[in-house]
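Computed from a prediction, not measured in an experiment: that's the story for all the values here.
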There are 2 protein chains.
Amino acid sequence: MNVAVRIDDLDRDILNALMTDARVPYAEMAKRFNVSPATVHVRVEKMRASQIITGTEVIVNPKLLGYDVCCFIGINLYAARDYHSALEKLNQLDEVVEAYYTTGAYNIFVKLMCHSIEELQHVLINKLQAIKEVQSTETLISLQNPINRNVKP
Amino acid sequence: MNVAVRIDDLDRDILNALMTDARVPYAEMAKRFNVSPATVHVRVEKMRASQIITGTEVIVNPKLLGYDVCCFIGINLYAARDYHSALEKLNQLDEVVEAYYTTGAYNIFVKLMCHSIEELQHVLINKLQAIKEVQSTETLISLQNPINRNVKP
DNA sequence: CATGAAAATGCGAAGGG
DNA sequence: CCCTTCGCATTTTCATG
């Protein structure tokens, strides 16, 4: 099992800053938190080494790339044991951006991004429901995403 | 309405690289894509200006910060019109990391991160269900998140 | 944890195809 | 018009105290 890594207030401050903007200069954080740039550097390296920080990425606006439709889909399999093979096939669909193994009403829960409702329909019928392990699906269309943030360190 | 912005293959390549690692040097991308570093710079600036790229962030491992429980919660309101006031209250809960306005079975759909099942129970009862606009909730616990990526540019 | 210097990177002007 | 070359400014990185 994973266990939480100990981090202090300075780590937390740095992490918060980097979670808002991964390219803030160390010197700026240093000034803000009253330490030297090198100290910031050391802390970031430590958090990288301990895998608290696993990478960086640019934040893109999916709408401007033409992805207008976002939805969640609950998937039921004929047999729960087919989880792995179903997942492998889901992984090959670019439209599937997130997948969760869940308890409760569904076996797998996925988040899907499409260019249009027509594409969603196509993906649902010809890709998702074409997976032989899939028994049924339930779709939840998102019209808006008013909250989207990270956990508080 | 938003409309997709025109980007060419080079933009797409750069975007892909930056979506994997926001700190890859321009010079390296330049070599990889056979253009000059300055061109990469110009393209990135263009995509920033057109809001395709809205920022950068470090990717953190929530488990190592102690967030062991991830779940989705479908929320039903007494009245759909209370959406805004309910959302405002949800926004004040740090545990709520995403919220979606959805069609179908629920009025609001949220993603929640907690330190433990006990904390989840506490948040559910004392925070979420304490919101007066909330009629009922349905919880979906995620045990694993095998796919988590971005849309393909 | 700070200092300071060396190396790497980002940035933008000016000119060429 | 887009791309490149080039030089300066900023930032990262690391050895040392």
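- B:Tyr26 has its OH atom 17 Å from the P atom of D:dT10, to the nearest Å.
- In A:Gln129, the CD atom is crowded: over 12 heavy atoms of neighbouring residues, nucleotides or ligands sit closer than 6.0 Å.
- Side-chain N or O atoms of A:Asn107 include one that pairs as donor or acceptor with a backbone N or O of A:Leu77 at under 3.5 Å.
- The side chain of B:Arg43 approaches D:dC3 more closely than any other nucleotide in the set D:dC3, D:dT12, D:dC14.
- An OP1 or OP2 oxygen of D:dT12 is reached within less than 4.0 angstrom by no side-chain nitrogen or oxygen of A:His41.
- Put simply, NZ on A:Lys31 is 12 Å from C1' on D:dT10, counting in whole angstrom units.
- Note on ring orientation: taking the six-membered ring where Trp is involved, the planes of A:Phe109 and A:Tyr100 are tilted (angle from 30° to 60°).
- In this structure, A:Glu45 atom CD and D:dA15 atom P are separated by 13 Å, rounded to whole Å.
- Ionic pairing of B:Asp8 and B:Arg43 is present here: one or more N-O contacts between side-chain nitrogen and carboxylate oxygen are shorter than 4.0 angstrom.
- Of the residues near DNA chain C, B:Pro37 and A:Leu10, the one whose nearest nucleotide (by heavy atom distance) lies more toward the 5' end is A:Leu10.
- Residue-level contact check: B:Val35 touches the backbone only, with heavy atoms under 4.0 Å from sugar-phosphate atoms and none from bases.
- Side-chain atoms of A:Glu119 come within 3.5 Å of backbone N or O of A:His115 as a donor-acceptor pair.
- Between B:Thr39 and D:dT4 there is a side-chain polar atom (N or O) within less than 4.0 angstrom of OP1 or OP2.
- Rounded to whole Å, the distance from CE on A:Met29 to P on D:dT10 is 18 Å.
- In summary, contact between chain B and DNA chain C, defined as any nucleotide atom under 4.0 Å from a heavy atom of the protein, begins and ends at C:dT9 to C:dG12 in the 5' to 3' direction.
- Heavy-atom neighbours of A:Gln135 CD from other residues, nucleotides or ligands within 6.0 Å: above the threshold of 12.
- For B:Asp8 and D:dC1, the CG to C1' distance is 13 Å, given to the nearest whole Å.
- Close to D:dT11, at under 4.0 Å from its OP1 or OP2, lies no side-chain N or O of A:Arg23.
- The backbone N or O of A:Val96 sits less than 3.5 Å from a side-chain atom of B:Arg149, completing a donor-acceptor pair.
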